[in-house]
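Nothing here was measured: the structure is a model prediction, and the numbers come from that model.
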Amino acid sequence: MNTLDSGAKNTLIEMRSIVKNYTGVVALDDVDFSVSEGEAVCLVGENGSGKSTLIKILAGVEQASAGQISIGGKNFDTLTPRIAAAAGVMVIFQDFSLFPNLSVAENIAFSTQLSEERRLFNKGRVRQIAKETLIRVGVDIDLDARVETLPVAHKQLVGICRALASNARLIIMDEPTTALTEREVSSLLEIIRRLKSDGVAVIFVSHKLAEVLEVSEKVVILRNGKKVAEGPASDFDAASLTRNMTGRDVAEGRPNPVDPEAPILLSAKNLGKAGAFEDVSFDLHKGEVLGISGLLGSGRTSLAKALFGLVKADRGTLDLDGEVVDLGNPLAAAAAGIGYVPEDRLTEGLFLTQSIVRNVAIGRLDNHQRGGLLDLNGLWQEATHWIGELKVKTPSVEAPVNSLSGGNQQRVVLARWLSRAPKVLILNGPSVGVDVGSKSEIHNIISELSSSGIGIIVISDDLPELLATCQSILVMKSGRVTDKIFGSDISETDLAQRLAS
Amino acid sequence: MSNLKPKSNLLASPEARLALIAIVVFVVMSILSPGRFLSVANATSMAFQFPEFAILALAMTVTMLTGGIDLSVVGTSNLSAVFAATLLTQFVDPSLTGGDMFMWLGIAVVAAICVGMLAGLFNGILVAIFGLPPILATLGSGLVFTGLAVALTGGSAVMGFPVGVAWLGNERLFGIPIPLILFVILALIISFVLTRTSFGFKIRMYGANPLAAEFAALDIDKLLIKVYVLSGALSAIAGLLIMSRANSAKADYGSSYLLLAVLIAVLGGVNPYGGYGKIIGVVLAVLSMQFLSSGLNMLQVSNFARELIWGVLLIFVMIVNTQKSFGFGAKKKSSATT
């Protein structure tokens, strides 16, 4: 039945024996990939598995080293972004690639206006295109609202509408559900169903995809540049996805309970900042791992930054070891012994073009000064020691940090803070963009650090991660702490409901 | 393919490419005007000429390493020189010699450098505290400094100094022109500061990623202010050198030096987006520019054509560096893919 069904539909995309070599590295090794009209496909793999490369080749951004590509039955020797777009392949990136300063209507009609090569900008036509597309998708968004003022879910819809407005036959969505609430995910799925019945095919690219399995027909799993599994979506669940992605079972236990005698390390009282968070109080004990969770926009990131002084809280106090920490001053926070590992490693955490050792050493400059001179030997030795301690995998500590994988990059940021012997570490999204294998290693690091007496705050929306690392979890909703949960007495489903309800 | 590889590696660093450029320019100029370019007299005259703009290029380099720029270097150097000159003409009898003269010269030098540092402090505050883009902040402040210098002098040249003023720019020590010695010392100091002090380390890291520097709890405001103060002090020294060579100070001396200083820094491999640059590169760039400029002079190319050549060279070098995806090419790429 199933085979008959998919046989009846025309093949839209056919990629055969795709090979992609980067200097010395095989990113894709003989991968076949096909999508039929109106079909939804999950393309799954860890970071570095080659899924992004495959998508880039399909979108014409990168050229395959070998292999054939046909779209709608037509063979293409070379694909460029323009050719791919003209053939109906549209990619919606994680950041949605919208123009924040333009209105919803302008964003939706932008590509259409470009491809029609009109010289004049026709406002009426723009609105008409935008309106038609929104009706087609079945949502209602104010056409004149500026995109930067929209919530994340709506931005994503605008991205989808833009793709549709330029006659997309295949929409590729990169990490589509990371920023959405439960309700938003289900309305997204509804829209995907509509698109499919219109004959539009969809590819989901992600490393956590359990949510979209129900609307998908097919799952393709890549690992180390090879296709390791392919089959109907109904054959897969979260566990088998993970097993196929990593090649092993990653079962994580629960953290050890905190010593009830442990003294209070960090104490926040009534912290508040207008428009971001209100009335936040908590105690962090020595050796405790405290989770702070909430959806995007719940104020969790502002709170995390406020604890490190990057955002100045208007009200409240923060005490570390009984001493008041100056609010709104990262230097004071760092001097008091608070470390902060930011959410966006690439832009906030690392000096990408600089060497690994420099990235670590930057944290300890002040301790290696002798009369204004830098004791380079001592500094390098200490930094190298920490790089080794955290098992950063690299041939040379002098290699630029952007040559490392996500997991190893995260270790570099951790090494920088650990070398300062912090009392409290704030980890914002410790395993974002880190593959499943390194993730559990980072979780091990967290538990080792906490048992050495460091107080750790983990800010995350990754529920299995919170449950695997935190003894207690604060749930935030529109700037307030609505719930405090003790990790040991809750299941993942319960936690998900408390977050997204 | 494989036999091409070592060649491209050899020229992978901007400094290596630059050394090649310096040699090529030198050889070409030696061939085009053999008798005059390759003479001791020409070498000496070049050694007196280039240090003033080379020191401005050092100032430019320090700010560019943070991803900023200091367009007020020439304004600062003129303001400092005019201030020192006014001090000397107001309080000192031009016929003064001996100990008193040296004391007054010392006072004038210290005063000029203080003025330069104050100008740098002003820039630093605009950039660090008010968060203005350095290119605009220093464009504006440069005009302010020039304006102050005009106000101080009425726009005319200030002259009539004691004889000792001319020493710095025109004399030799052990046969070596003093401006050259001054430049070498300053280049060594700056190179040392950049590579061996925590200040230099922070400059580089801040330039590589200002946001990460903030998240790593660096004292960014203090860092930027120090950078612009250093740039101001270097500009003031260049101003004193110009004043000594011209034996006068004026609000609009050295107006072509701004473009030249930017050009030398970029030619020297300093990444205008910050984070990469070596003083040795700047020194090589200075040499290429001086060979070129002095050679063109001998070929009787007009000043306007010279500026045109500089402009073309600046654009050309930026394109070459971008194509090599060294430093700023990489930055461009990453923003395109996200």
Atom pairs and distances, donor-acceptor, side-chain atoms in residues 117-137 of chain B, under 3.5 Å, two or more places apart:
from, atom 1, to, atom 2, distance (Å)
B:N123, OD1, B:S141, OG, 2.5
B:N123, ND2, B:S72, OG, 2.9

- Name all residues meeting the ring-ring contact (aromatic ring centres under 6.0 Å, His included) criterion together with A:W386; count only those two or more places apart in sequence or in a different chain, and write none if there are none. none

- What residue in B:A216, B:G275, B:G200 has the most heavy-atom pairs under 4.5 Å with chain A? B:A216

- Which residues satisfy the salt bridge (Lys or Arg N to Asp or Glu O under 4.0 Å) test with B:K278, sequence neighbours excluded? none

- Query: For A:K305 and B:F215, which heavy atoms make the closest approach, and how far apart are they?
  - Reply: CE-CZ, 3.8 Å

- Query: About how many Å separate OH of B:Y276 and CD of A:Q354, when rounded to the nearest 0.5 Å?
  - Reply: 10.5 Å

- Item | Among the listed options A:T347, A:L310, A:L376, A:N329, the residue most often paired with chain B at heavy-atom distances under 4.5 Å | A:T347

- Query: Is there any residue in residues 223-240 of chain B with a non-hydrogen atom under 4.5 Å from a non-hydrogen atom of chain A, and which ones are they?
  - Reply: none

- Which atoms of B:F192 come close to chain A, meaning under 4.5 Å heavy atom to heavy atom: side chain ones, backbone ones, both, or neither? side chain

- Paired with A:L331, the side-chain contact (heavy atoms from CB on, under 4.5 Å) test is passed by just one of B:D221, B:D219, B:L218, B:I220, namely B:D219

- Task: Pick one of side chain, backbone, both or neither for A:R358, based on which atoms fall under 4.5 Å of a heavy atom in chain B.
- Result: both

- Query: Looking at A:A361, A:A333, A:G363, A:P342, which one has more heavy-atom pairs under 4.5 Å with chain B than the rest?
  - Reply: A:P342

- Item | From B:R204 atom CZ to A:I362 atom CD1, the distance as rounded to the nearest 0.5 Å | 11.5 Å

- Note on the structure: Heavy atoms of A:P330 and B:A217 approach each other most closely as O-CB, 3.9 Å

- Query: Do you know which two heavy atoms are closest between B:A212 and A:L350, and how far apart they sit?
  - Reply: CB-O, 3.6 Å

- Task: Would you mind checking which part of A:E348 comes under 4.5 Å of any heavy atom in chain B, side chain (CB onward), backbone (N, CA, C, O), both or neither?
- Result: both

